[in-house]
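Throughout, protein chains are lettered first and strands after them, A, B, ... in sequence-line order, and every chain is numbered starting at 1.
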Amino acid sequence: MYQPHPQSKAAYKLLHDGVLALGRAEQRGIRLDLKYCHAETERLTREIKALEQAFHHTKFYRHWFKTLGGRTPNINSNAQLGNFLYKRKKLKPIKTTVTGQGSTDEEALLQLNIPELNDLLRLRGLKKIRDTYLKGFLKEQVGGRVHPNFNLHIARTYRSSSDRPNFQNIPKRDEEAKRICRQALFPSKGYQLMAVDYSGIEVCVSACYHQDPTMMKYIKDPKSDMHRDMAQQVYELKTYDPSITGHKVLRSAAKNGFVFPQFYGDYYRNCAISMACNWGKLPDGRWKPGQGIPLGDGSLSDHLLGQGHKSLEQFADHVQRIEKDFWGRRFRVYARWKEKTWEQYQRTGYVELLTGFRCGGLMAYNDVTNYPIQGAAFHCLLKAFVLADRELRARKFKTRLIGQIHDEMILDVWPPELDEVGELLLDVMTQQVPEEWPWIVVPLTVDMEVSPVDGSWQEMGSYVRDARK
DNA sequence: GGAACTCGCCAC
DNA sequence: AAACGTGGCGAGTTCC
């Protein structure tokens, strides 16, 4: 493994202070509801067994069994499943894995439109929750607490990683998985959990590198909204109105299907597919009326057919023009920064972070333009983590930091200290960090969430400072 | 019986 | 110039 190491004294100090602060968080750890973990593991096992029983009685399974000549299929084995689907049944995989095998991931299986495969996907999901998360917590717990590790010496970007257990990939988007997993994690008895994250820190840090005027305006003007603007452009909406059915969905499709992938270095074709995938199946490559999400009085496909987009190919051409406009006009200064940074890497063999680190070694174009942003964005959080840890201890708070998820800190808060802690974190993250680093030329903002006293990590709700204090 | 690998999937 | 960046981890599989 390529071993990164800091290139400047300031960079070294950040890692040194960071390791100590993270070590204290590891020591504190997080309370685990052991009884819940055991009971929920058993409940999931019962549900999994019932689903497996039902699956064993399907025509699909019996066929699979026969093709193995008496051997019992292992329904956890994607290799066996892939063989059955793509070699025995001769179905056509929609995509292959890196080694050229037919893919059996969720997207590929759904495309085959075989009802029994939905049961298999449901089983996969439940096993992931039980085996990776609940059992993973139980395996690592000591005296009813888990103490996740936070590493600063692994990621090539100088980001952090976490393990035993990984505190940075606990389900959040899928409601059921989120509930089951986060219901296991609690503040100390009589305490409450607090989470504070930087809003859009990677976008803000990228702006510190290139200072693209369009991007600066988007960051500084609270009325502007680049995801809204891109939704309007991609989907050709005359106006954007969050109260119109479907508009918020399209904003989020533009954000996660175009803006962020473009920043990471994706290109128009993938973006077009991603932004069109809600529109139902395209058996002949052409869209029909009434497909896709509801939009206004009709559907998305009605709207786009009206705009002349009859097929994915036409839509992709449209997205290609938008990509050209995105980098050639809208964010041309950002685009120039990418090119300059790439040239510099080719000349010197490394790329510099604003925080004093260097990323070297063999890198692709996307790596060179992404690493400095990803790394320095995390360093904002790490610097804030160090300062907050120092201040909490100096002021003899009972509240302590317990973890960090790239752009977010998690604290175990003593309830009487809640509002003071909120003030402290706001000050550290939005004032002290930018004061220490003059290269931060855009305002940084945060979002805060808290759990009820003795509430689990699943019960986090937005925190609004009490104005009377 | 363990190391190394593949695949899929969770987070930011 | 290249065609989505960074991690961890479980189960299955292959190799020694």
B/dG8 P sits how many Å from A/L126 CG, rounded?
19 Å

How long is the line joining CZ of A/R164 and P of C/dG10, in whole Å?
11 Å

Is it true that A/R269 and A/E313 make a salt bridge, defined as a side-chain N closer than 4.0 Å to a carboxylate O?
yes

Decide, yes or no, whether a salt bridge links A/R43 with A/E40 under the criterion of side-chain N to carboxylate O below 4.0 Å.
yes

Respond yes when some side-chain nitrogen or oxygen of A/Y371 is under 4.0 Å from OP1 or OP2 of C/dT6, and no when none is.
yes

Nucleotide B/dC10, atom P - distance to CZ of A/R179 in whole Å
16 Å

Minimum-distance nucleotide to A/N169 side chain [options: C/dG10, C/dG8, B/dG8]
C/dG8

Rounding to an integer number of Å, can you tell me how far A/Y264 OH sits from C/dG7 P?
13 Å

Under 4.0 Å: is that the gap between some side-chain N or O of A/T97 and OP1 or OP2 of B/dC7?
yes

Rounding to an integer number of Å, can you tell me how far A/D105 CG sits from B/dT6 P?
17 Å

Nearest to the A/D163 side chain among C/dG7, C/dC9, B/dC9, which nucleotide is it?
C/dC9

On the side chain of A/R156, is there an atom forming a donor-acceptor pair with the base of C/dT6 - under 3.5 Å, no angle test?
no

Looking at C/dC4, C/dT6, B/dC12, which one has an atom nearest to any side-chain atom of A/K172?
B/dC12

For A/Q27, does the CD atom sit with more than 12 other heavy atoms under 6.0 Å from it, leaving out its own atoms?
no

Considering every strand and a 4.0 Å limit on heavy-atom distances, what is the contact class for A/E202: base, sugar-phosphate, or nothing?
nothing

Of C/dC4, B/dG8, C/dG7, the nucleotide closest to the side chain of A/S161 is C/dG7

How close or far is atom C1' of C/dG5 from atom CG of A/L362, stated in whole angstroms?
16 Å

Over all strands shown, is A/N370 touching base, sugar-phosphate only, or nothing at heavy-atom distances under 4.0 angstrom?
sugar-phosphate

If you measure from the Lys or Arg side-chain nitrogens to the Asp or Glu carboxylate oxygens, is any gap between A/E175 and A/R179 under 4.0 Å?
no

At 4.0 Å (heavy atoms only), tell me whether A/S160 reaches a base, stays on the sugar-phosphate, or touches nothing.
nothing

Could you tell me whether the phosphate oxygens of C/dC4, OP1 or OP2, come under 4.0 Å of any side-chain nitrogen or oxygen in A/N270?
yes

Please work out if A/Q101 contacts a base, only the sugar-phosphate, or nothing of the nucleic acid, heavy-atom cut-off 4.0 Å.
sugar-phosphate

Which nucleotide in B/dG8, C/dG10, C/dC4 has an atom nearest any side-chain atom of A/T132:
C/dG10

Considering residues, nucleotides and ligands other than A/K324, do more than 12 of their heavy atoms fall under 6.0 Å from its NZ?
no

Between A/Q262 and C/dA3, is there a contact of a side-chain N or O with OP1 or OP2 at under 4.0 Å?
no

Interatomic distance, A/L152 CG vs C/dG7 P [rounded to whole Å]:
13 Å

Between B/dC9 and A/R124, is there an OP1 or OP2 to side-chain N/O distance shorter than 4.0 Å?
yes

Closest of C/dA1, B/dC12, C/dG8 to the A/W342 side chain is C/dA1

May I ask you to say what A/K338 touches in the nucleic acid, namely base, sugar-phosphate or nothing, with a heavy-atom cut-off under 4.0 Å?
nothing

Is there a donor and acceptor pair, one atom on the side chain of A/R173 and one on the base of B/dC10, closer than 3.5 Å?
no

What's A/F263 touching, base or sugar-phosphate or nothing? Going by heavy atoms closer than 4.0 Å.
nothing

Nearest to the side chain of A/N366, heavy atoms from C-beta on, is which of C/dG10, B/dT6, C/dA3?
C/dA3

Give the nucleotide from the list C/dT13, B/dG8, C/dA11 with an atom nearest to the side chain of A/N76.
C/dA11

Quick one: on DNA chain C, does A/F260 or A/N166 contact a more 5' nucleotide (nearest heavy atom)?
A/F260

Side chain of A/S103 only, heavy atoms from C-beta on: which candidate in B/dA11, B/dG8, C/dG8 is closest?
B/dG8

So, under a plain 3.5 Å distance rule, would you say the side chain of A/K128 forms a donor-acceptor pair with the base of B/dC10?
no

Answer yes or no: is there an ion pair linking A/R62 with A/E116, defined by an N-O contact shorter than 4.0 Å?
no

For atom CZ of A/R24, decide whether the heavy atoms of other residues, nucleotides or ligands shown that lie under 6.0 angstrom number more than 12.
yes

In sequence, state the C-alpha distance, the side-chain angles, and the governing distance for A/V421 and A/L411, and then conclude on side chain to side chain contact (heavy atoms under 4.5 Å, CB included).
CA-CA 9 Å; A/V421 168; A/L411 298 100; 4.3 Å; yes

Presence of A/K139 side-chain N/O under 4.0 Å of C/dC9 phosphate oxygens OP1/OP2
no

Have a look at A/T369 and say if it touches a base, only the backbone sugar-phosphate, or nothing, with a 4.0 Å heavy-atom cut-off.
nothing

Taking any heavy-atom pair under 4.0 Å as a contact, classify A/E339: base, sugar-phosphate, or nothing.
nothing

Return the stacking result for C/dA2 and A/Y365: yes when the ring centres lie under 5.5 Å apart and the planes under 30°, no otherwise.
no

Of the listed nucleotides (B/dC10, C/dA1, C/dT6), which one gets closest to any side-chain atom of A/Y133?
B/dC10

On a plain distance test, is the side chain of A/Q168 in donor-acceptor contact with the base of C/dG7 below 3.5 Å?
no

Nearest whole Å is fine: how far is C/dG10 C1' from A/I48 CD1?
13 Å

